[in-house]
Amino acid sequence: MSIVRVRFAPSPTGHIHVGNVRTALFNYLFAKNQNGTFILRIEDTDLERSSIENENIIYEDLMWLGLEWDEGPVVGGNYGPYKQTERTLIYKKYLDKLLEEKKAYYCFCSKEELDAQREKNLQEGKNPIYSGKCKNIPLAEARQRIEQGEKAAIRFNVTESEVKVKDILKGEIDFPTNMFGDFIIVRPDGTPVYNFVVVVDDALMKITHVIRGDDHLNNTPKQILIYKALGFELPEFAHIPMILGSDHSKLSKRHGDTSVNQFRQKGYLPEAFFNYLALLGWSHPEEKEILSRQELINAFSLERISKSAAVFDFDKLNWMNGIYIREKNIDELYSVAKGFIKCVELSKYDEQWLKNVVFSVREKISVLSEIDEHIKIFFKQSEPDDESIKLLNLETSSAVLERYAEEIKKFETLTVDDYKAITKIVGDATGAKGKALFMVLRIALTGQRTGPDMDKIATLLSPKTQIERINNVLRFIKK
RNA sequence: GUCCCUAUCGUCUAGCCUGGCCUAGGACACCGGCCUUUCACGCCGGCAACAGGGGUUCAAAUCCCCUUAGGGACGCCA
């Protein structure tokens, strides 16, 4: 029994996309479920788009979600280095081997030439594949030309006509190789391309299962060819379906937030995001939905990953995030929420009071960033809208407000019981009930028709403040 | 255009491999009701799907074929 080793191999070209992070998540869950090793590798061979800043962003995003890697940059490991730009010598060794064995060859064709050829093929309805022009240039001659300053790419010499891919999710698939022809494995500037390095790295890092998005399915035959040419043992492949936007096209910016840090900034809880993502394309054997990290790890299996693409459902994510928010106790909630409070300066207020305020609106929000608009009523009375004004103009309204103000005057603070007793008295005295009583009080005290429970508002706001607000409203009504 | 993948409620999905228990189950959203003498939360209920056509079979959402639709790939990106 070989120990499971899987990897997540992002290229540091920007923020991690939800599709990619879900791939990372599945790799992580599989590794942990199997007691295996989860490896992070940075695929930075595209020098133009890769950067150190982006690497750090990747680390941060993964850490936020708790996808800690057992081997990789920062933490190290026995199969490093874990950044491809630091592995060039390794690649060179295998490249030379291929070249010597005529399994690859130098290609001197210019980009313009190839583009033209591709154009022509396409127009003639043929597959845009390489003609094989440089295939027979002897290696010695090619090396000489390069020595003299010529630039050459290296192409893989495809000799088989068909490649079989065995995939855990999709089964056995046959690919005709005339789809791609002799593909490039090294650019003229000497940097090896993805399809080559991924094979060398996965093989050398002893990756047992390659779990990745199914947009890579078409690359797999090329990679298998390289595995074989180099004499490496094949890993198992599992190509997981894509994540789509609401219009069923590949999820992109126009569908809303798509990068991990955007979700983080909006106030999604990592455990909720983790849970939601796990259920996007995978299902629990008992169809449970709210699952902790450990439950997810315990229940995970590649077999239960669905084969079809999934639409990212923001509504369901919101619902789930709301559940996680409501599960937090008052201290936990405050510690995750305080960073999202922008409407006031926290240091000016008593912390326990702030905690109570935040806790009082927890049913109202599905993401933490919504907290501001819900707690602002505790700091400032807002202007009533037309509908509210109608309610304030009810016959009983001013009597309700006057009586309520009168009753709370003698209190330093109100308890829930005080509040209940007082509203009972006010109701009895004025004949107002239901909306005429509670909605009117709510509007007078906050300016709004929705908000936290009335008893929360009444106990959290000092009677002095409440009276001030009521007087403001009373003056407004009498005008 | 060529190749590859996929196809159950609007969405995420269970069921499919190992046909009968499926008058197709759950969740989100939506709509009703209840609970709070208010808004939510919560609870209860409702709406809503096997893409189409052929087979195979006593029996098909489940197995086979075709069509259609969607997605992906066809890079000196990963």
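Within every chain, numbering begins at 1; the chains are lettered A, B, ... in the order of the sequence lines, protein sequences first and strands thereafter. The figures that follow rest on heavy atoms only: side chains count, while hydrogens, waters and symmetry mates do not.
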**Request:** Answer whether the closest heavy-atom distance between the side chains of A/Asp372 and A/Phe340 falls below 4.5 Å.
**Result:** no
Heteroatom pairs (N/O) under 3.5 angstrom, protein to nucleotides 70-73 of chain B:
unit_1 : atom_1 : unit_2   : atom_2 : d
B/G72  : N2     : A/Asn218 : OD1    : 3.4
B/G72  : N2     : A/Asn218 : ND2    : 3.4
B/A73  : O4'    : A/Asn218 : ND2    : 3.3

**Request:** Would you mind listing every side-chain hydrogen bond (donor to acceptor under 3.5 Å, both in side chains) that reaches into residues 149-164 of chain A, with sequence neighbours excluded?
**Result:** A/Arg145-A/Glu150, A/Lys164-A/Asp174
Can you pull every protein N or O that's under 3.5 Å from an N or O on nucleotides 30-35 of chain B?
none

**Request:** State which residues pass salt bridge (Lys or Arg N to Asp or Glu O under 4.0 Å) with A/Lys135; sequence neighbours excluded, sorted by chain then number.
**Result:** A/Asp182
**Set of salt bridge (Lys or Arg N to Asp or Glu O under 4.0 Å) partners for A/Lys376, sequence neighbours left out** = none
**Item:** Side chain of A/Trp319 - closest among B/A29, B/U37, B/C76
**Value:** B/A29
**Fill in**
With sequence neighbours left out, the residues meeting salt bridge (Lys or Arg N to Asp or Glu O under 4.0 Å) with A/Arg87 are A/Asp201
**Positions of residues 149-165 of chain A (non-hydrogen atom under 4.0 Å from RNA chain B), listed by number** = none
Table please: side-chain donor-acceptor pairs of residues 7-17 of chain A below 3.5 Å, with sequence neighbours left out.
unit_1  : atom_1 : unit_2   : atom_2 : d
A/Arg7  : NE     : A/Asp202 : OD1    : 3.0
A/Arg7  : NE     : A/Asp202 : OD2    : 3.4
A/Arg7  : NH2    : A/Asp202 : OD2    : 2.8
A/His15 : ND1    : A/Asn261 : OD1    : 3.4
A/His17 : ND1    : A/Gly19  : N      : 2.9
A/His17 : NE2    : A/Leu251 : O      : 3.1

**Complete:** Side-chain contact check for A/Leu437: nearest option of B/G75, B/G25, B/U37 is B/U37
**Message:** Tell me whether A/Glu295 is salt-bridged to A/Lys288, with the criterion being a basic N under 4.0 Å from an acidic carboxylate O.
**Reply:** no
**Asked** Are any of A/Arg304's side-chain N or O atoms less than 4.0 Å away from OP1 or OP2 of B/C16?
**Response** no
**Prompt:** Which is true for A/Thr177 with a 4.0 Å heavy-atom rule: it touches a base, it touches only sugar-phosphate, or it touches nothing?
**Reply:** nothing
Let me check something: any side-chain donor-acceptor pairs from residues 299-311 of chain A under 3.5 Å, sequence neighbours excluded? List them with distances.
unit_1   : atom_1 : unit_2   : atom_2 : d
A/Arg304 : NE     : A/Ser283 : O      : 2.8
A/Arg304 : NH2    : A/Ser283 : OG     : 3.2

**Request:** Identify, residue by residue, the members of residues 269-280 of chain A with a heavy atom below 4.0 Å from RNA chain B, and return them in order of residue number, or none.
**Result:** A/Leu279, A/Leu280
Polar atom pairs between nucleotides 39-41 of chain B and protein, under 3.5 Å, N or O only, would you list them?
unit_1 : atom_1 : unit_2   : atom_2 : d
B/C39  : O2     : A/Lys364 : NZ     : 2.4
B/C39  : O2     : A/Gly451 : O      : 2.6
B/C39  : N3     : A/Lys364 : NZ     : 3.3
B/C39  : N4     : A/Asp453 : OD1    : 3.0
B/A40  : O2'    : A/Glu363 : O      : 3.4

**Request:** Could you tell me the separation between the OG atom of A/Ser360 and the CG atom of A/Asp453, rounded to the nearest 0.5 Å?
**Result:** 8.0 Å
**Message:** Under 4.0 Å, counting only non-hydrogen atoms across every strand here, what does A/Arg212 touch: a base, just sugar-phosphate, or nothing?
**Reply:** nothing
**Message:** At 4.0 Å (heavy atoms only), tell me whether A/Arg362 reaches a base, stays on the sugar-phosphate, or touches nothing.
**Reply:** nothing
**Request:** Quick one: label A/Thr423 by what it contacts on the DNA or RNA (base, sugar-phosphate, nothing), any heavy atom closer than 4.0 Å.
**Result:** base
**Prompt:** What nucleic acid atoms does A/Gly281 come within less than 4.0 Å of, heavy atoms only: base, sugar-phosphate, or nothing?
**Reply:** sugar-phosphate
**Request:** Would you mind listing every salt bridge (charged side-chain N to carboxylate O under 4.0 Å, His left out) that reaches into residues 436-451 of chain A, with sequence neighbours excluded?
**Result:** A/Asp385-A/Arg449
